[in-house]
Amino acid sequence: MSENTEQPNTESHDPKVPEAWASFMREGWGDRELDLPPHPIADWAAARRTKLAEAFPGERLVIPAGTYKVRSNDTDYRFRPDTAHTYYSGNQTSDAVLVIEDGDHVLYARPRSDRDSDEFFRDRQYGELWAGRRPSLKEISDSLGLEVKHINDLPSFDDEHKVRDITTDDDLARVASEQRLVKDEWEVGELQEACDITALGFADCAAEWDRVLEFGERWVEGTFFRRARAMGNDIGYDSIVGGGKHATTLHWIDNTGPITPGELVLLDMGVEGRNLYTADVTRTLPVDGRFTALQRDLYDLVYAAQDAGIAAVKPGVPFLAAHEAAMKVLAHGLEDLGLLPVSAEEALAPDSKVYARWTLHGTSHMLGMDVHDCGRASDEAYREGTLTAGMVLTVEPGLYFQEDDLLVPEELRGIGIRIEDDILVTADGRTNLSASLPRTSSDVEEWMAAQRR
Ligand code: GLY
Ligand code: MN
Ligand code: MN
């Protein structure tokens with residue numbers, strides 16, 4: 001039997017709890033309902049566990065959900081479970097540990113706080129009256145179709161079996177990442193939904209353009225976040241809202257600047273859905289609703305590069321095919337602008353890459369429950385691997401002219417443009433999951449005009 005003998009997580013300023021109050025709190029309660037229907041992930045997760053167990057026969061695989069992380073003093077960040085844990089179990093509650101051993105799969109979970117200890121009314125992290133009703137072990141089990149035991153019964157695993165904990169075992173982390181490279185049908189649906197909600201979030205921002213002009217980058221960040229929370233779980237990564245020259249800082253997440261008429265603004269934002277799959281989409285918009293001639297030329301160049309990159313995505317080609325196709329277009333465009341110190345073809349040689357002064361980053365990464373998904377996969381399986389139907393990757397070339405770059409004409413300095421879409425590899429090519437947002441310069445202008453209230 002598991003007993004909760006832990007001290008509740010309390011703070012120094014919490015009131016003292018005399019026995020009279022504590023014992024009075026333990027009596028006279030009914031129950032409260034929790035609606036936790038069977039989760040559609042259950043069968044998918046079971047198949048994934050079987051596949052993982054087959055890769056490590058006779059071994060014990062430990063995959064924790066993780067716990068709260070302190071933001072400051074007694075205040076934690078909102079909990080988000082470890083990706084592999086949820087991928088293989090479906091569970092999203094904190095402090096759980098999934099243990100897989102051949103055909104034996106058990107989730108050790110922290111249940112709801114029962115009413116015979118002080119936890120339910122005193123514990124800030126787990127107490128029902130502080131943090132809400134956690135599911136019982138039976139509710140988790142019924143919902144996920146998985147055997148669930150109390151976390152306090154997690155064995156010490158000091159018998160003869162080999163134990164691999166994904167937080168310390170590189171091989172297990174690698175295999176788990178590689179198994180996530182190809183998405184199952186349910187995951188593709190989740191990614192499509194994340195992209196669809198993301199498109200609504202972008203539209204919300206364009207609809208509030210007067211406020212955007214008034215409050216700057218912060219208004220875009222907040223507006224998108226509202227949509228993410230309303231329809232999804234969260235944002236999948238900190239939104240990047242780069243007004244003007246901020247667009248040339250690749251991960252500009254301060255979002256403290258103005259949105260200035262006449263300039264461009266780069267929005268790189270993605271909603272994480274309720275089952276933790278995230279979109280990752282970038283659009284670069286003209287603040288005035290219309291591109292200037294120069295902005296349009298540069299935008300159209302990035303668009304052509306992205307279009308070539310997307311067209312290169314299909315089963316059987318190298319993961320890097322999209323990058324190579326996009327960089328070819330950009331290098332030639334930079335040559336046409338008279339910026340390259342050598343010819344475009346010379347610049348594209350693997351031992352040169354001087355064009356990348358203005359393109360900076362890779363064109364693609366895998367996308368799934370993590371924005372940079374499958375990050376522990378081997379080079380052979382990922383960066384040097386081959387695309388297969390079911391993979392989802394971004395195609396996101398950009399051009400970035402830094403404000404202090406003396407090698408470009410002054411009129412280009414401080415301009416950053418990126419276009420990013422989320423591409424599913426299909427049996428006969430590709431599907432753009434984020435295609436509902438406009439990509440061409442004229443479609444962007446039309447879309448902005450249509451959203452604006
Ligand atoms: N949003 C980060 C990236 O595009 O990779
Ligand atoms: Mn990306
Ligand atoms: Mn992005």
Side-chain angles (χ1 to χ4, degrees), residues 80 83 177 180-181 183 191-192 194-202 205 217 220-221 224-225 227-228 232-243 246-255 264-273 276-285 299 302-303 305-307 309-310 312-313 319-323 325-327 330 356 358-377 382-383 387 391-400 416-425 430 432-439 444:
R80 197 275 194 189
T83 288
S177 246
R180 299 208 325 269
L181 281 166
K183 273 62 187 172
L191 282 163
Q192 181 65 69
C195 286
D196 292 346
I197 303 171
T198 294
L200 294 175
F202 273 77
C205 297
E217 295 167 356
V220 176
E221 178 190 317
F224 188 78
F225 180 66
R227 178 65 70 172
N233 178 58
D234 203 339
I235 45 175
Y237 54 93
D238 285 322
S239 295
I240 297 166
V241 186
H246 287 161
T248 65
T249 302
L250 298 179
H251 282 180
W252 173 257
I253 58 171
D254 287 0
N255 303 339
L264 298 174
V265 54
L266 181 154
L267 315 182
D268 182 344
M269 313 188 291
V271 169
E272 176 186 81
L276 311 186
Y277 287 81
T278 189
D280 179 10
V281 176
T282 305
R283 290 295 182 264
T284 305
L285 310 176
Y299 185 94
V302 177
Y303 171 79
Q306 198 219 15
D307 213 41
I310 292 173
V313 171
F319 166 74
L320 287 173
H323 178 66
M327 292 306 110
L330 289 182
W358 298 291
T359 63
L360 292 178
H361 55 81
T363 300
S364 300
H365 55 81
M366 295 297 177
L367 184 71
M369 296 177 73
D370 291 330
V371 59
H372 296 163
D373 210 34
C374 313
R376 302 292 298 275
Y382 186 168
R383 201 162 56 103
L387 296 183
M391 289 180 171
V392 176
L393 66 159
T394 64
V395 178
E396 51 173 311
L399 274 182
Y400 311 94
I417 298 170
R418 176 164 68 252
I419 312 172
E420 174 174 27
D421 283 88
D422 301 340
I423 311 298
L424 166 69
V425 184
R430 74 212 64 79
N432 183 349
L433 302 178
S434 43
S436 66
L437 281 169
R439 286 202 301 126
V444 165

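Atoms within a ligand are numbered from 1 in the order they appear, just like the ligands themselves. Numbering starts at 1 and runs along the sequence shown.
Taking only nitrogen or oxygen atoms, main chain and side chain alike, H251 does not reach within less than 3.5 Å of ligand 1. By the 3.5 Å distance cut-off applied to N or O atoms, H372 is counted among the residues near ligand 1.
Side-chain contact between L399 and L330 is present, with heavy atoms from C-beta onward closer than 4.5 Å. No side-chain heavy atom of T363 sits under 4.5 Å from any side-chain heavy atom of Q306.
Salt-bridge formation is detected for the pair R439/D307: a Lys NZ or Arg NE/NH1/NH2 atom is positioned less than 4.0 Å from an Asp or Glu carboxylate oxygen.
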Show your reasoning for whether ring pair (Phe, Tyr, Trp, His ring centres under 6.0 Å) applies to H372 and Y237.
CA-CA 10 Å; H372 296 163; Y237 54 93; 7.8 Å; no
Derivation and outcome, salt bridge (charged side-chain N to carboxylate O under 4.0 Å, His left out), residues D421 and R430
CA-CA 12 Å; D421 283 88; R430 74 212 64 79; over 6 Å; no
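Side-chain atoms of S434 and N432 form a donor-acceptor pair, as typed in the model, at a separation below 3.5 Å. In this structure, a donor-acceptor pair under 3.5 Å is absent between the side chains of T278 and E272.
To the nearest 10 degrees, the Mn ion (ligand 2) sees OE2 of E396 and NE2 of H365 at an angle of 90°.
With ligand atoms numbered from 1 in the order given, ligand 1 contributes 1 (N) to contacts under 4.0 Å with heavy atoms of Y237. Ligand-side atoms of ligand 1 in range of E420: 4 (O), range being under 4.0 angstrom from any heavy atom.
The closest approach of E420 to the Mn ion (ligand 3), by N/O/S atoms, is made by OE1. Looking only at its N/O/S atoms, D280 has OD1 as the one nearest to the Mn ion (ligand 3).
Ring-plane geometry between F202 and F224 is classed as perpendicular, the angle between the planes exceeding 60 degrees on a 0 to 90 degree scale with a lower cut at 30.
Protein heavy atom closest to atom 3 (C) of ligand 1, with residue, atom name and distance, is D280 OD2, 3.4 Å. Looking only at heavy atoms of the protein, atom 4 (O) of ligand 1 is closest to E396 OE1, 3.0 Å.
Residue D268 counts as close to the Mn ion (ligand 3), with an N, O or S atom under 2.8 Å.
By the 4.0 Å heavy-atom criterion, D268 is counted among the residues contacting ligand 1.
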